[in-house]
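Have a look at the structure below, then the notes.
It should be emphasised that the depicted structure is a prediction, and the values quoted were computed from it without experimental measurement.
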Number of protein chains: 2
Amino acid sequence: MPNGAQALLRTLVDAGVTTCFTNPGTSEMHFVAALDTAPEMRAVLALFEGVATGAADGYARMADKPAATLLHLGSGLGNGLANLHNARKGKVPLVNIVGDHATYHVKYDAQLQSDIETVARNVSPNWVRTSRSTDELPRDAAEAVAAAKGPPGQVATLILPADVSWGDGAQPAPPPPPPQPPVASSDVVEAIARAVHGSGERAALLLGGRALREAPLVAAARIAAATGIKVYAECFPTRLERGAGLPALERIAYFAELASVQLAGLKHLILVDSKAPVSFFAYPGKESYLVPDGCEVHELAAPAQDVLGSLEALVEAVGAGGAQPARREASRPERPTGELTADKVCQAIGAVLPEGAIVSDEAVTSGLSLPTTTAGAPRHDWLTLTGGAIGQGLPVAVGAAVASPDRPVIALEGEGSSMYTIQSLWTMAREQLDVTAVIFNNRSYAILNIELERVGARAGGPKAKSQLDLSAPDLDLVQIAAGFGVPA
Amino acid sequence: MPNGAQALLRTLVDAGVTTCFTNPGTSEMHFVAALDTAPEMRAVLALFEGVATGAADGYARMADKPAATLLHLGSGLGNGLANLHNARKGKVPLVNIVGDHATYHVKYDAQLQSDIETVARNVSPNWVRTSRSTDELPRDAAEAVAAAKGPPGQVATLILPADVSWGDGAQPAPPPPPPQPPVASSDVVEAIARAVHGSGERAALLLGGRALREAPLVAAARIAAATGIKVYAECFPTRLERGAGLPALERIAYFAELASVQLAGLKHLILVDSKAPVSFFAYPGKESYLVPDGCEVHELAAPAQDVLGSLEALVEAVGAGGAQPARREASRPERPTGELTADKVCQAIGAVLPEGAIVSDEAVTSGLSLPTTTAGAPRHDWLTLTGGAIGQGLPVAVGAAVASPDRPVIALEGEGSSMYTIQSLWTMAREQLDVTAVIFNNRSYAILNIELERVGARAGGPKAKSQLDLSAPDLDLVQIAAGFGVPA
């Protein structure tokens, strides 16, 4: 009879979870020992938990199924929290396995004892469970995977006491049957069809989440071709399929001032697996809610619904079945020459981006021209900072490369952002992943120099400016990368 | 009239909080802008929040007063959580200032929105508050500092919405009067005096927290001289004053098997700002609670009490006022020669440790002989991993060096542990701190190779072993350090 950890691993594998990003400690040693009993499970070690959680996020974005993480008690979960936040906001399926003290050891309040469930609720508001016995563990694990998959995808956190893991006599549990997400009701579809077709009023589709893949993009483009409706993508897509041959669409801008211009005059905004746009931060005297007054917000498909089916129902309702979707022409910028600037790097990326590339984009201010310079490059996927917690780009690249070993992965990073999870480079080297990291070094938190003005802060003096300055000492990213085993 | 951020900074400074370890974002820009209005406040920038929180911990251990941190929403707090856990377990006073969205922006669930209070409760179970208005902010801040100071010291978390920070019309608040912690009652003192003096039964004092400074150590040593009682220190002291001329004492061992030997035969264990010893982790078939059967546990002083006053009352009660405390003789090991091994490094540290040094010890398995090799070195302070969350050593060294600019700081790190907060090196360079970091590189999570056996895990195969191995690629710590601006 397998022990708890062995039955847990078998249950995960049977549910399709075949990759685990790990940073284990003593309480996880039985899970680690059990890895050799589950040959289908690939365990990818990280030097820091934020790498493991971000990699699990990137993996699921590309594999369309969850990976597991293996984390060490509350402090390990804490170290992974920022990238779990990003996964939560991106509706990415992910299963945390967080080791804990043995159930009978908790009362002694040993050094590493802390309230893990309370931390976990920040990123797993709907599914946190501490497994109470070896018998129940496999069923708990199967339910965690099902909860993670959704739709919508979410972060499920299973807390695994050491004695539940080492106990004997567990039986693997089968995966529950997958849910059948509902298509939008005909009432909703008809109401939206009337709003976008023949009303003469400006309308737009706002696609997010799983609506940014080729099939729903083509459906939206048919609707646009038949009705003249505009199609937007949310500001920070989890995964956007784009490039030559795919329908083009505009992303809602990060700066609220620009987003307001995009949305001005709109009378109908139709949400498809997305939310009505709001400002990233609040600014004194400025609106947080960016939908213009007088604009009606419709929801065609909520994140828990059948996104593609709902869009296809709308295609039918507006008679767009025969419409030709507009597709982006192939085009690339010239290879730039002359002095190296951030814009020229963006141009160069557009000039050489390989077919099938996966781009993990956390270039922040240095990457502002990337959407333009890469728009007509060969087909690729674009993964963005879904939750705003910087330090995601390199780990997501790790996970994307594990999920898609035959595709080149490009990580575009600000130097400030890269510092939160720079340990990612070691896992890239250890796993020999096909990742090219481009780190833009402007020797400052450049976005904060902009934000310091935007929030209307009274003129910052030298101490304030110094808080945004990364120039003393300069980070030598070539040496840091080499130290982690990555040529730079 | 000052704005909220300016009044907050003035309140902190007036309460004695004159150092802030920061990693700000947009929601903290008004706090950053206000720094120039508070010349007494030193702001120390970190590239990662775990550095900021660990540095605030190290600072308070040496300064005996709290520092503040400045963190960016829930994800920034998450990144800082592991070292806040260590501070909590070490009863270290610390004030987190966690920026949040403007109060009216929360309902829009923008990208960085998350439940900050729930995360904070993990490390601040007794004091978390979201400041609700600019008017109330200064009083909230004064109460946060008072809560942090205790005794016992604790982590207080003040959540600062952006509009509360930028609002006008705040008045700084004065610090509340300090508490008068009570001395042990005469009943308790008399009962303990009877147990240790003349009962003929084996007894021991177990000192922790603030009882490990010179004055309480001398009091305990007098009691030992008069009664023959043994004196132990807790396993992971927050700050232990030791070396030549100070009373010597034995620390309770990390490995429960050894701790049980230390405590065998004991009939009375007297706690002074400490807890009855328990095993760090649970192990199948082994005891978690390490106090032997038949041993009575007494509490002379709880963490909220007057620790020194209570020990002095016991000195009186056992008639030890005239007893000479035993003090450690000066002695150093020879400077080692020959092949470089971890033990020889420990020996070398003992041979050259400078007078007044502050040692931040996270050497894990490589440092097992340090307590012996350094015992007779000139007087120094020893700071340890109070909460078991690795990645503390380098940040604590940063904070200790900021608090004690005239003293040399030595950080002793395992290479695995160093990887969680390696960004500390940059702050050391930026602030030109007197820190010498010694990183022991054994190319593995060596402690886990021991723990894998101790937990009785079934023989790990190659996948399990690979999870504990850091040799492919080797970390080149010389290059990494140089990349962060630190010669190595």
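- With chain A as partner, the option from G76(B), A481(B), P462(B) having the largest number of non-hydrogen pairs under 4.5 angstrom is P462(B).
- Chosen from M41(B), R121(B), R454(B), the residue pairing most often with chain A at heavy-atom distances under 4.5 Å is M41(B).
- For P39(B), the part lying near chain A is the backbone, with the side chain staying farther off; criterion is any non-hydrogen pair under 4.5 Å.
- Using modelled atom types, no side-chain atom of H105(A) and backbone atom of V278(B) make a donor-acceptor pair closer than 3.5 Å.
- Looking at every heavy atom in both residues, W426(A) comes nearest to P473(B) through NE1-O, 2.8 Å.
- Side chain of Q467(A) to backbone of P24(B): no donor-acceptor contact under 3.5 angstrom is found.
- Rounding to the nearest 0.5 Å places OG of S114(B) at 6.0 Å from CZ of R88(A).
- Looking at L35(B), the atoms closer than 4.5 Å to chain A (heavy atoms on both sides) sit in the backbone and in the side chain alike.
- Heavy atoms of A46(B) lying under 4.5 Å from chain A belong exclusively to its backbone.
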Give the intermediate values and the outcome of side chain to side chain contact (heavy atoms under 4.5 Å, CB included) for residues N79(A) and N79(B).
CA-CA 5 Å; N79(A) 280 338; N79(B) 280 337; over 6 Å; no
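- Proximity to chain A is limited to the side chain of Y445(B), based on heavy atoms less than 4.5 angstrom apart.
- Distance check, rounded to the nearest 0.5 Å: CG of L84(B) to OG of S75(A) gives 11.0 Å.
- With chain B as the partner, the residue from G391(A), A282(A), G78(A) showing the most heavy-atom pairs under 4.5 Å is A282(A).
- Listed options G90(A), A43(A), G25(A), P284(A) were ranked by heavy-atom pairs under 4.5 angstrom with chain B; first place goes to P284(A).
- Checked against a 6.0 Å centroid threshold, the rings of H72(B) and F281(A) count as neighbours.
- Proximity to chain A (any heavy atom under 4.5 Å) is shown, for S165(B), by neither the backbone nor the side chain.
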Can you list the steps and then say if K465(A) with D36(B) is a salt bridge (Lys or Arg N to Asp or Glu O under 4.0 Å)?
CA-CA 10 Å; K465(A) 296 285 185 202; D36(B) 289 280; over 6 Å; no
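- Top candidate by heavy-atom pairs under 4.5 Å with chain B, chosen from L477(A), I447(A), D109(A), D474(A), is D109(A).
- Between A110(B) and F280(A), the shortest heavy-atom contact is CB-O, 3.6 Å.
- Using a 4.5 Å cut-off between heavy atoms, A429(B) contacts chain A through both its backbone and its side chain.
- Closest of all the heavy-atom pairs between E451(A) and T26(B) is CG-OG1, 3.0 Å.
- Using cut-offs of 30° and 60° on the angle between ring planes, the pair F48(A) and Y420(B) is perpendicular.
- Put simply, of A5(A), G416(A), S279(A), A102(A), the one with the most heavy-atom pairs under 4.5 Å next to chain B is S279(A).
- Interface check for chain A: of the options G74(B), A82(B), G485(B), the most heavy-atom pairs under 4.5 Å are formed by A82(B).
- Heavy atoms closer than 4.5 Å to chain B are found nowhere in V123(A), neither backbone nor side chain.
- Contact annotation for V486(B): neither backbone nor side-chain heavy atoms come within less than 4.5 Å of a heavy atom of chain A.
- If you measure heavy-atom distances from L470(B) to chain A, the contacts under 4.5 Å come from both the backbone and the side chain.
- Atom-to-atom distance recorded for T37(B):OG1 and K463(A):NZ is 8.0 Å, nearest 0.5 angstrom.
- For a residue to count as touching a neighbouring chain, one of its non-hydrogen atoms must lie under 4.5 Å from one of that chain's; by this rule L81(B) touches chain A with the side chain only.
- Note that the OH atom of Y283(B) and the CE atom of M29(A) stand 10.5 Å from one another [nearest 0.5 Å].
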Please determine whether side chain to side chain contact (heavy atoms under 4.5 Å, CB included) holds for the pair L475(B) and Q423(A), giving the CA-CA distance in whole Å, both sets of side-chain angles, and the decisive distance to 0.1 Å.
CA-CA 10 Å; L475(B) 290 162; Q423(A) 307 92 335; over 6 Å; no
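- Proximity to chain B (any heavy atom under 4.5 Å) is restricted, for A38(A), to the backbone atoms N, CA, C and O.
- Residue contact with chain A, scored on non-hydrogen atoms closer than 4.5 Å, involves the backbone and the side chain of Q113(B) alike.
- A donor-acceptor contact shorter than 3.5 Å is absent between the side chain of Q111(B) and the backbone of K89(A).
- For chain B, the nearby part of Y104(A) is the side chain; its heavy atoms alone come within less than 4.5 Å.
- Only the side chain of N23(B) comes within contact range of chain A, judged by heavy atoms closer than 4.5 Å.
- Chosen from E49(B), E117(B), R42(B), the residue pairing most often with chain A at heavy-atom distances under 4.5 Å is E49(B).
- Heavy atoms closer than 4.5 Å to chain B are found nowhere in A162(A), neither backbone nor side chain.
- Ranked by heavy-atom pairs under 4.5 Å with chain A, the list I390(B), D469(B), V478(B) is led by D469(B).
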What's the verdict on side chain to side chain contact (heavy atoms under 4.5 Å, CB included) for R430(A) and S466(B), showing C-alpha distance, side-chain angles and the deciding distance?
CA-CA 11 Å; R430(A) 178 174 154 107; S466(B) 154; 3.0 Å; yes
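- For K275(B), the part lying near chain A is the side chain, with the backbone staying farther off; criterion is any non-hydrogen pair under 4.5 Å.
- Listed for the N122(A) side chain is a donor-acceptor partner under 3.5 Å among the backbone atoms of D115(B).
- Atoms CG and CE, from L47(B) and M419(A) in turn, are 6.5 Å apart once rounded to the nearest 0.5 Å.
- A distance of 7.5 Å separates CG of L385(A) from CG of L112(B), quoted to the nearest 0.5 Å.
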